[in-house]
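Notes for the one structure printed next.
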There are 2 protein chains.
Amino acid sequence: MPTIIATVNVNGVRAAAGKGMLAWLAATEADIVCLQETRATDEQTRAALAPALADGWSLALAEPEAKGRAGVGILSRRAPQEVRIGFGSKEFDASGRYLEADFDDVTVASVYVHSGDVGTPRQDEKYRFMAELGAYLTGRGGEFVVSGDWNIAPSELDIKNWKGNLKSAGFLPQERAWIDELLAAGYVDVVRRLHPGVEGPYSWWSYRGRAFDNDSGWRIDYQLARGDLAARAKQAVVERAAAYDQRWSDHAPVTVQYR
Amino acid sequence: MPTIIATVNVNGVRAAAGKGMLAWLAATEADIVCLQETRATDEQTRAALAPALADGWSLALAEPEAKGRAGVGILSRRAPQEVRIGFGSKEFDASGRYLEADFDDVTVASVYVHSGDVGTPRQDEKYRFMAELGAYLTGRGGEFVVSGDWNIAPSELDIKNWKGNLKSAGFLPQERAWIDELLAAGYVDVVRRLHPGVEGPYSWWSYRGRAFDNDSGWRIDYQLARGDLAARAKQAVVERAAAYDQRWSDHAPVTVQYR
DNA sequence: CTTTTTAAG
DNA sequence: CTTAGAAAG
């Protein structure tokens, strides 16, 4: 049976819900939607998404300990069998950055890797998060897909102005090497596999300047799948148009059809 | 010659300018307008009031050291002969809460006494400010008026729900006693003198609830005059209506005509 | 440029 | 309820 999985960083679920996210959700064909940066408590998130929940969507959440920061969730048309918050990390499990949900034969994870500005303590934190998450993911098997905002453009094809960003968080050699390690460990970047050799498709555009109008974006939201699931990916789209009518986040949904 | 002096706490000059303060300024008959809580640097304030300055208004400012806090100013149709920031206080002169300007035979001061929530360090700070300002004002003579936001309702007539606010900052016995001392020292609350024995007229209404619609306000903005100037006060109005069309502050201008 | 908290009112 | 700054993105 086909399963459509979408992932989108909503940049504040309360703001997004008020600006068009609910309309997008009502129209999407996705069965499962991974959310990042809800930036709200579980209670606030359920209130913001109340119309969708009334519509039958099930919602699993990893509440962030820090108010207004991070927060991931998984919406699904049918409730998952099991939900797990975190990946066994003392430092990060309560930070609202990783959530897994089991659906019949596949497990879906929603991940938020923070931006990690260069030269700040947030950069070291990002590397610690990468180290712990990488160890967990490479040791994991089964029918599994991790979808989310990785805040890393894997290659020069994944960022409009790559030359100007060689020293920017999100395109540092160490960060790209980390993604390479995941791919070497058996994960498939299904969006890139379905769009080989082309620039983009980008999934994030800064709110500054004319970045969105000029398509001066980054491909930092993607789905890494392993097992048979990776081979089942048959179509991947970045829903730039859906965001265009009325932009409700600086990221666009990245939707993949698994047949 | 008659002189009309207005005072208004603008609660952020940048926000106020965008919401109707400039239209009020273009229509007022006041010759001098004392401003409180500009909450901006001198540069930001001049930018926000640029149309008024282009219209010929002169502007003197006491820039607050803390960004986004306090800040007082004096607008006048003719430039003052001299301007003085502060009243000789080590702690408060740089805090943007007191400014004097000399106009021919009279001196006009714009003062901002902060709210000073009970049980916080801001309460002690308010009392220190009151002590220093009180000493300065009682020692001062001449044709002089101090206009501003005193954040103290002098009597039961000056606050709608006085019984419910006996323990609230702005209506504490110690605060009211301080105003009484200023009156005993020769200052005249000209608004009250011109509106004896009536409730109000209030000059501030909380943004919370229906305070403005119910006229559940406080009279905390007033002009204390001394010398002949006090006797010259012939009309005092709170420009509640001016604020009503499109409220641009939680305070209303308090305008007095000195003949 | 935007979201959310915070301090202050 | 509102302003403005701060942190984060």
Side-chain angles (χ1 to χ4, degrees), chain A residues 9-19 21 36-41 44-45 48 64 66-71 95-97 112-118 120-123 125-126 149-152 168-170 204-213 216 218 220-221 247-251, chain B residues 9-19 21 36-41 44-45 48 64-71 95-97 112-118 120-123 125-126 149-151 168-170 204-213 216 218 220-221 247-251:
Chain A
N9 178 316
V10 296
N11 190 25
V13 69
R14 286 167 288 178
K19 291 197 293 182
M21 180 198 167
Q36 297 88 41
E37 281 208 278
T38 50
R39 301 177 67 174
T41 63
Q44 293 169 326
T45 303
K67 284 172 75 175
R69 296 286 151 70
S95 70
R97 297 197 245 188
Y112 169 59
V113 182
H114 70 278
S115 173
D117 264 7
V118 171
T120 72
R122 309 283 292 159
Q123 179 176 31
E125 187 188 338
K126 184 178 190 177
D149 177 2
W150 300 83
N151 260 312
I152 298 172
S168 303
W204 174 80
W205 305 263
S206 170
Y207 273 130
R208 293 166 221 184
R210 294 260 170 291
F212 188 75
D213 295 337
S216 181
W218 298 47
I220 54 178
D221 303 272
R247 234 178 141 193
W248 47 269
S249 171
D250 47 352
H251 298 249
Chain B
N9 177 317
V10 296
N11 189 25
V13 70
R14 286 168 287 179
K19 292 196 294 184
M21 180 199 168
Q36 298 87 38
E37 281 208 276
T38 50
R39 302 176 67 172
T41 63
Q44 292 168 329
T45 303
E65 57 195 342
K67 285 172 77 172
R69 294 287 151 70
S95 69
R97 298 196 246 189
Y112 169 59
V113 182
H114 69 279
S115 174
D117 265 8
V118 172
T120 72
R122 309 284 291 160
Q123 180 175 29
E125 187 188 339
K126 184 177 190 177
D149 177 1
W150 300 83
N151 260 311
S168 302
W204 173 80
W205 305 264
S206 169
Y207 273 131
R208 294 166 219 182
R210 295 261 169 289
F212 188 75
D213 295 337
S216 181
W218 297 47
I220 55 180
D221 303 273
R247 233 178 143 194
W248 46 271
S249 171
D250 47 352
H251 298 249

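Throughout, protein chains are lettered first and strands after them, A, B, ... in sequence-line order, and every chain is numbered starting at 1.
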message: I'd like to compare against my own output: the B/S/- annotation of nucleotides 4-9 of chain C with a strict under-4.0 Å heavy-atom distance to protein.
response: SSS-SB

query: Can you tell me how far the CG atom of Asp149(B) sits from the CD1 atom of Ile220(B), to the nearest 0.5 Å?
result: 4.5 Å

[X] and [Y]: side chain donor to acceptor below 3.5 Å:
X: Asp250(A); Y: Trp204(A); answer: yes
X: Asn11(A); Y: Glu37(A); answer: no
X: Thr41(A); Y: Gln44(A); answer: yes

Can you check whether [Y]'s main-chain N or O pairs, donor with acceptor, with [X]'s side chain at less than 3.5 Å?
X: Arg39(B); Y: Gly12(B); value: no
X: Lys67(A); Y: Ala40(A); value: no
X: Lys19(A); Y: Arg14(A); value: no

- prompt: From the 5' end of DNA chain D to its 3' end, which nucleotides mark the outer limits of contact with chain B, defined by a 4.0 Å heavy-atom distance cut-off (strictly under)?
  reply: dC1(D) to dG5(D)

message: Going by side-chain contact (heavy atoms from CB on, under 4.5 Å), name the residues that satisfy it together with Arg97(B), two or more places apart in sequence or in a different chain.
response: Ala70(B), Phe92(B), Ser95(B), Tyr112(B), His114(B), Glu125(B), Phe129(B)

query: Using a cut-off of less than 4.0 Å, is there contact between a side-chain N or O of Lys19(A) and OP1 or OP2 of dT2(C)?
result: no

